[in-house]
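Only a predicted model underlies this, so the values are computations on that prediction, with no experimental measurement involved.
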Amino acid sequence: MIYTTRDLMSQVRNQCSEINEERLSNIQILEALNRAYDDAFDIMGRLYPDPIIKYIETYPDENGIITIPDNVWEDRIMLVEFYQNGASASTDGYRTKVAETDNLNDLGALNNITGSYPYVFSIIGRSIQIGPAKGVSKYLHRVWYADSPLPLRLDQGSIEIIDQAGNFIVLDELRNTGEGLVPVNPSNAYGKYINIVDRETGLYKCTLQVESIDGNKLTFKSTPTRSTVYNLTVSSSIPDDVKLDDIISEVSGSGTVYFKTPTTNYIVQYAVNEIQRSLGVANLSFEEGKLRELKDRVEGAWKRRPASKYKRAFSRVWSSKRYRNWT
């Protein structure tokens with residue numbers, strides 16, 4: 001089953017219309033769906049963040065600071081590594097409290113580790129502080145983090161034809177009308193850019209700039225006006241991983257959810273509860289009970305995912321082996 005944003009909106013309308021006669025706007029439903037989407041991501045980010053983990057490679061500045069990327073989910077930094085001997089080897093940095101980095105400055109030391117070599121890191125506001133700070137700017141660091149989801153936006157068409165040589169696609173239908181939708185328009189500041197996501201998984205694939213529209217045919221600009229929009233890199237051509245049936249949406253979000261059941265069921269129920277509460281429905285005991293049930297299913301689905309089978313041996317009991325297999 002496909003879970004585009006329009007599918008979710010339809011399910012929300014159907015459930016809300018059973019006891020409400022008020023017309024629900026697209027914007028009202030989208031806002032509720034996105035609050036539900038954020039909550040679902042928060043659950044997964046706590047219990048099983050593996051599917052949303054990404055990394056960047058960068059150098060700290062002269063003060064040992066790395067700016068946290070804008071797309072990090074709730075500033076959740078999972079791991080910081082640095083390349084010890086060029087690109088051939090990497091070493092983990094140990095996360096510590098900000099108070100413990102006070103002595104890791106130019107002349108400071110911790111456990112006989114002096115400056116000019118990365119040892120620990122801490123999160124300070126929107127930055128990662130590497131310690132000791134002196135001399136670490138020469139080391140390439142890899143920062144692993146939980147990636148933020150693209151907000152849900154109305155899907156605007158499904159790809160039926162891809163022509164990479166001509167740099168164009170043909171859609172089943174260009175859905176340019178509807179409340180809460182930025183229409184595809186080559187002359188509009190943001191309407192000229194579109195996102196393409198996988199129809200089945202919701203995985204983001206690319207951002208492209210529309211040069212012209214001919215019916216359901218979208219031709220893309222080989223030299224984009226902007227290099228990035230909303231922190232998304234604008235591609236000059238259609239990537240190889242774009243496939244038939246993929247979904248397009250406006251550049252500010254995605255037309256398909258990243259997860260399927262039971263997460264999508266939870267998102268719909270969460271949105272239904274939010275909307276009915278805003279409409280003044282007095283008795284929501286059944287809906288709230290259903291939401292708790294679905295939340296338990298979502299949490300249970302992620303809790304059962306496999307974790308690492310290794311445990312780092314900090315204790316002297318395991319001093320003969322750095323890692324111990326606990327399986």
**Prompt:** Regarding Asn265 and Gln11, is there a side-chain donor-to-acceptor distance under 3.5 Å anywhere?
**Reply:** no
**Prompt:** Between Tyr139 and Phe82, what is the ring plane arrangement, given parallel below 30°, perpendicular above 60°, and tilted in between?
**Reply:** perpendicular
**Prompt:** Under 4.0 Å between a Lys/Arg side-chain N and an Asp/Glu carboxylate O for Asp198 and Lys243?
**Reply:** no
**Asked** Is any side-chain heavy atom of Leu150 closer than 4.5 Å to a side-chain heavy atom of Tyr258?
**Response** no
**Prompt:** Is there a side-chain contact between Arg226 and Tyr193 (heavy atoms, below 4.5 Å)?
**Reply:** yes
**Item:** Donor-acceptor side-chain pairing of Asp7 and Thr4 below 3.5 angstrom
**Value:** yes
**Message:** Can you confirm whether Ile248 sits close enough to Leu208 that some side-chain heavy atom of one is under 4.5 Å from a side-chain heavy atom of the other?
**Reply:** no
**Message:** Which residue in the set Asp246, Asp240, Asp241 passes salt bridge (Lys or Arg N to Asp or Glu O under 4.0 Å) when paired with Lys205?
**Reply:** Asp246
**Ile213 side chain near Pro186 side chain, heavy-atom distance below 4.5 Å** = yes
**Prompt:** Taking side chain as C-beta onward, heavy atoms only, is Arg175 less than 4.5 Å from Arg6?
**Reply:** yes
**Prompt:** With a 4.5 Å heavy-atom cut-off, do Leu33 and Ile267 have their side chains touching?
**Reply:** yes
**Message:** Could you report the tightest heavy-atom contact between Leu171 and Gln156, atom names first, then the distance?
**Reply:** CD1-O, 4.2 Å
**Message:** Would you say that Lys54 contacts Tyr145 through its side chain, given a criterion of any heavy-atom pair below 4.5 Å between the two side chains?
**Reply:** yes
